[in-house]
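Remarks on the structure that follows.
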Amino acid sequence: MVSWDGNGGDGMDFRKSIAELLSTRTGLAADVLAASVEVPPDPALGDYAFPCFPLAKTLRKAPPAIAAELAAGFSDGAAPFLARVQAVGGYLNFFLDRAVFAGAVVRDVLAAGERLGATDEGAGRTAIVEYSSPNIAKPFHVGHAFTTILGNSLARLYAHLGHPVVRMNHLGDYGTQFGKLIVAFEKWGDEAALEKDAIRELLRIYVKFHDEAKDDPSLEDAARARFVRLEERRPEELALWQRFRDLSLAEFARVYDRMGIAFDDYSGESFYSDKIPAVVEMLQAKGLLEESEGAQIVRLDDEKLPPCIVLKSDGATIYASRDIAAVLWRKERYGFWKNIYVVGNPQSLHFQQVFAVLRKAGYACADDCVHVGFGLVKFADRKLSTRAGDVIFLDELLDESVAKTREIIDRNAELRGTDMSEAERADVAEKVGIGAVQYAFLRNGRDRDLVFSWEEMLDFDGETGPYAMYTYARARSVLRKAEAEGAAPADASDADLARLGGDEEAAVARLLYGFGDAVRRAADANEPYLLTRQVAGIARAFNKFYNNQSILSAPDPETRRARIALTGAVCVALKTGLGLLGIAAVERM
RNA sequence: GGGCUCAUAGCUCAGCGGAUAGAGCAACGGCCUUCUAAGCCGUGGGUCGGGGGUUCGAUUCCCUCUGGGCUCACCA
């Protein structure tokens with residue numbers, strides 16, 4: 001029997017077992033063979049396949065002949081987990097014993113529970129994930145959704161793999177813009193409006209400032225002067241800055257709470273500001289700094305990158321110097337294994353420069369810094385623009401989605417005659433509506449630009465967040481009925497589980513089996529969509545099973561117990577998978 | 001102009017060098033006296049941007065061209 005590790009580790013590896021069987025028959029190294037063992041495009045062709053084409057040259061035989069010969073070497077009982085081995089063309093196809101396979105998968109998924117796919121391989125290796133990082137006093141719009149949702153999922157994935165995780169929100173809470181806000185608030189600020197809706201009020205006076213500054217350049221000077229005083233930590237300026245920051249954070253927190261997102265560290269730009277002089281000194285001491293056009297720069301010609309500006313010609317710091325200081329501080333504070341930046345693709349060059357400067361300065365940790373970029377969120381016909389007022393607040397988007405969900409819930413409740421309370425309807429609408437938005441950002445690879453469309457965002461048909469959540473709710477509904485009749489997933493015996501040999505059941509089992517691998521691949525590539533697809537696949541396979549087979553009215557008690565167990569395993573996988581994407585599961589919808 | 005990135009069905013996108021290129025949406029046709037129809041089943045739909053090359057085999061790797069997007073010093 002194949003060794004089996006229900007926690008999703010490397011134990012239950014049929015590919016490896018097959019490679020070992022092939023190794024004894026061909027004399028080739030098992031790990032080399034494992035690399036070429038693949039999964040056929042159609043399950044009817046088998047569960048695994050070994051292409052014999054590469055052997056043709058060394059064996060001086062036609063691939064189909066090699067496949068046929070190898071197949072003959074696999075007599076019945078070559079391995080207990082194999083039902084049969086068949087040569088088709090140049091391929092050697094392996095069929096797993098379905099009942100053994102499905103039964104083993106279901107048993108182990110149920111045993112793993114919410115630890116499905118979890119490992120402790122990351123123990124002692126801290127992963128820092130920097131994400132969201134909004135600017136204080138600016139609207140939190142859909143453009144911020146990508147980094148926030150993506151980063152949240154990555155943090156959860158790393159934690160699932162055993163890494164200590166530090167979730168960092170690198171707030172944009174410093175700079176001349178605060179001088180502007182201080183000037184603008186003293187001139188035109190509205191106390192009541194600030195208390196009521198801080199960001200809208202701050203945005204209003206910020207826009208007002210720019211309008212007025214066109215006719216009155218002295219405003220810009222005043223703003224610079226106030227920022228200098230802020231840097232000197234004068235009480236008056238510091239108090240206003242602190243207030244703007246606190247009020248903004250409180251508003252951000254509302255959105256974060258709704259999405260189940262939290263941070264361990266809110267050290268933003270202001271925090272690193274006093275750590276920059278030491279960095280400049282260090283670069284100077286290492287002879288890396290150079291003056292050019294009045295600015296202090298580090299040349300990166302040998303890295304084939306444009307020079308990195310560390311100090312502006314007026315001596316002020318710039319975001320590159322802040323980010324360099326941040327890496328060094330984080331290394332000292334957390335001793336990170338990986339320092340991950342979930343920041344849009346347009347900043348790719350910036351991070352290359354920052355990492356290159358650190359490398360030149362001799363810091364090995366530069367190689368542990370990773371920029372995880374992603375595409376822009378834009379409208380079909382134009383860019384998202386704060387200035388043009390073309391923003392959709394993330395809150396508004398969530399509200400729309402929740403409202404749409406609520407309509408569907410009410411309609412369905414009437415149709416089905418269910419007894420959902422007002423409180424439950426509200427709770428479910430909130431979770432499903434928000435899950436739909438989160439899912440939309442995790443459905444595809446992160447590199448592509450995401451064209452925002454209300455229509456698509458609020459379409460809950462097909463492969464969407466609500467689809468996966470609906471499937472879970474449906475499966476839970478079956479289990480509740482089973483429980484009411486005294487049956488539970490854990491009741492199934494090995495003999496019962498041997499009944500899971502049908503096409504639909506095997507398809508579900510295959511996808512459940514791939515769960516752990518999907519989690520690891522998603523983390524390795526920093527691509528949560530790899531897990532999203534696995535979750536969607538499990539949901540689709542279960543729906544197909546659900547529509548074609550009876551669970552509670554199965555033909556016999558053994559099959560019924562087995563199918564209840566399978567349904568339980570699907571619930572475990574869906575809830576765990578959605579959780580890793582940052583999406584809540586609901587019991588009814 | 002340099003760099004990065006993308007180009008696959010009408011639309012949005014998957015596709016670790018391997019079998020007949022897949023999914024969802026949209027379109028069309030079916031399925032609620034039986035476990036939730038936000039579901040399931042079926043049909044149609046493709047010169048994988050163009051051209052070379054490597055390979056037993058290329059949507060996948062290399063080169064080149066075309067066309068988008070982002071970026072290239074004092075905003076982040």
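Here is the naming used below: chain letters follow the sequence lines, and residue numbers restart at 1 for every chain. Since the structure is predicted, the reported quantities are computational estimates derived from the model, not experimental observations.
Atom C1' of rG15(B) sits at a distance of 31 Å from the matching atom of rG30(B), rounded to the whole Å. Taking atom P in both rC16(B) and rA21(B), the straight-line distance is 15 Å, to the nearest Å. For the C1' atoms, the distance linking rG50(B) with rU8(B) amounts to 15 Å, nearest Å. Taking the C1' atoms as reference points, rU59(B) lies 26 Å from rG3(B), given to the whole Å. The separation of rC61(B) from rA23(B), taken at their C1' atoms, amounts to 26 Å, rounded to a whole angstrom. Nucleotides rC13(B) and rC70(B) are separated by 16 Å at their P atoms, to the nearest Å. For the C1' atoms, the distance linking rU43(B) with rU54(B) amounts to 41 Å, nearest Å. For rC32(B) and rA58(B), the C1' atoms lie 47 Å apart once the distance is rounded to whole Å.
Contact annotation for I318(A): backbone-only contact, meaning every heavy-atom pair under 4.0 Å involves sugar-phosphate atoms and none involves a base. As judged by a 4.0 angstrom heavy-atom cut-off over every strand, R588(A) is placed among the base-contacting residues. Heavy atoms of A295(A) sit under 4.0 angstrom from at least one base atom. Across all strands shown, E587(A) has heavy atoms under 4.0 Å from base atoms, whether or not it also approaches the sugar-phosphate. Looking at heavy-atom distances under 4.0 Å, Q353(A) makes no contact with the nucleic acid at all. Residue A475(A) is classed as having no contact, given no heavy-atom separation below 4.0 Å to the nucleic acid. Counting non-hydrogen atoms under 4.0 angstrom, D524(A) reaches nothing in the nucleic acid. Using a 4.0 Å heavy-atom distance criterion, T176(A) is classed as making no nucleic acid contact. Here A536(A) lies out of heavy-atom contact (under 4.0 Å) with every strand. Within the 4.0 angstrom heavy-atom criterion, no nucleotide atom of any strand lies near S553(A).
The existence of a salt bridge linking D496(A) and R560(A) is excluded, since no basic side-chain nitrogen approaches an acidic carboxylate oxygen closer than 4.0 Å. A salt bridge does not link R588(A) with D427(A): none of the charged nitrogens is closer than 4.0 Å to a carboxylate oxygen. A salt bridge links R406(A) with D410(A): the closest approach of a Lys/Arg side-chain nitrogen to an acidic carboxylate oxygen falls below 4.0 angstrom.
Relative orientation of the H210(A) and Y206(A) rings is perpendicular, given thresholds of 30° and 60° on the angle between their planes. By the 30° and 60° cut-offs, the orientation of the rings of H170(A) relative to Y272(A) is parallel. Ring-plane geometry between W241(A) and F178(A) is classed as perpendicular, the angle between the planes exceeding 60 degrees on a 0 to 90 degree scale with a lower cut at 30. Below 30°, between 30° and 60°, or above 60°: for Y174(A) and F227(A) the angle between ring planes is above 60°, a perpendicular geometry.
Residues from residues 556-567 of chain A placing a heavy atom under 4.0 Å of any atom in RNA chain B do not occur. Listed in residue order, the members of residues 33-47 of chain A having a heavy atom less than 4.0 Å from RNA chain B are E38(A), P40(A), P41(A). For RNA chain B, the neighbouring residues in residues 342-350 of chain A, judged by any heavy atom under 4.0 Å, are P346(A), Q347(A), L349(A).
When side chains are defined from C-beta on, S401(A) does not count as touching I434(A), because their heavy atoms never get closer than 4.5 Å. Taking the side chain as every heavy atom from C-beta outward, L376(A) and N345(A) never approach each other to under 4.5 Å. Proximity of I551(A) to I564(A): side-chain heavy atoms (C-beta onward) are separated by under 4.5 Å at one or more points.
Crowding of K575(A) atom NZ: a count of heavy atoms from other residues, nucleotides or ligands under 6.0 Å not exceeding 12. Sparse packing is recorded around CD of E414(A), with 12 or fewer heavy atoms of other residues, nucleotides or ligands lying under 6.0 Å away. Remark: K544(A) NZ is loosely packed, at most 12 non-hydrogen atoms of other residues, nucleotides or ligands lying under 6.0 Å away.
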Show each protein N/O and nucleotides 57-63 of chain B N/O combination with a separation under 3.5 Å, one pair to a line.
none

Taking N or O atoms only and anything under 3.5 Å, show me the protein contacts with nucleotides 37-39 of chain B, one pair per line.
from	atom 1	to	atom 2	distance (Å)
rA37(B)	OP2	R474(A)	NH2	2.4
rA38(B)	OP1	R416(A)	NH2	2.3
rA38(B)	OP1	Y470(A)	OH	3.4
rA38(B)	OP2	N412(A)	OD1	3.3
rA38(B)	N7	N412(A)	ND2	3.4
rG39(B)	OP1	G462(A)	N	2.9
rG39(B)	OP2	D461(A)	OD1	3.4
rG39(B)	O2'	R474(A)	NH1	2.8
rG39(B)	O2'	R474(A)	NH2	3.4
rG39(B)	O2'	N547(A)	ND2	3.0

Got a list of protein N/O to nucleotides 6-9 of chain B N/O distances below 3.5 Å?
from	atom 1	to	atom 2	distance (Å)
rA7(B)	OP1	R448(A)	NH2	2.9

Atom pairs, protein N/O to nucleotides 53-56 of chain B N/O, distance under 3.5 Å:
from	atom 1	to	atom 2	distance (Å)
rC56(B)	OP1	K57(A)	NZ	2.6

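Pairs engaging residues 34-54 of chain A under the ring pair (Phe, Tyr, Trp, His ring centres under 6.0 Å) rule: F53(A)-Y91(A) [sequence neighbours left out]. Residue pairs meeting the salt bridge (Lys or Arg N to Asp or Glu O under 4.0 Å) criterion with at least one partner in residues 318-327 of chain A, sequence neighbours excluded, are absent.
Ranked by how close their nearest RNA chain B nucleotide is to the 5' end, Y48(A) and R533(A) are led by R533(A). Taking the nucleotide of RNA chain B with the nearest heavy atom to each of A316(A) and L552(A), the more 5' of the two is matched to L552(A).
At whole-Å resolution of the value, CZ in F227(A) and C1' in rA76(B) are 13 Å apart. If you take CD of E414(A) and P of rU36(B), they are 19 Å apart, rounded to a whole angstrom.
Scored by the side chain to side chain contact (heavy atoms under 4.5 Å, CB included) test, A440(A) finds M457(A) as partners (sequence neighbours excluded). Under the side chain to side chain contact (heavy atoms under 4.5 Å, CB included) criterion, E527(A) pairs with R446(A), A525(A), Y529(A), L530(A), sequence neighbours left out.
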Item checked: ring pair (Phe, Tyr, Trp, His ring centres under 6.0 Å) assessment of F374(A) paired with F441(A) -> CA-CA 10 Å; F374(A) 53 85; F441(A) 282 91; 9.2 Å; no
Checklist line | Watson-Crick and G-U pairing of RNA chain B, under 3.5 Å, as dot-bracket with | and [ ] | finding: (((((((..((((....[...)))).(((((.......))))).....(((((..]....))))))))))))....
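When ring centroids are compared, Y467(A) and F460(A) stay outside the 6.0 Å threshold.
Relative to the six-membered ring of F452(A), K378(A) misses at least one condition, a distance below 6.0 Å or an angle of at most 45° to the axis.
Close to rA76(B), at under 4.0 Å from its OP1 or OP2, lies a side-chain N or O of R322(A). Between Y529(A) and the phosphate of rG15(B), there is a side-chain N or O to OP1/OP2 separation shorter than 4.0 Å.
rC72(B): glycosidic angle beyond 90° from 0, hence anti.
Nearest approach of V535(A) to A468(A), heavy atoms of both residues: CG1-CB, 4.2 Å.
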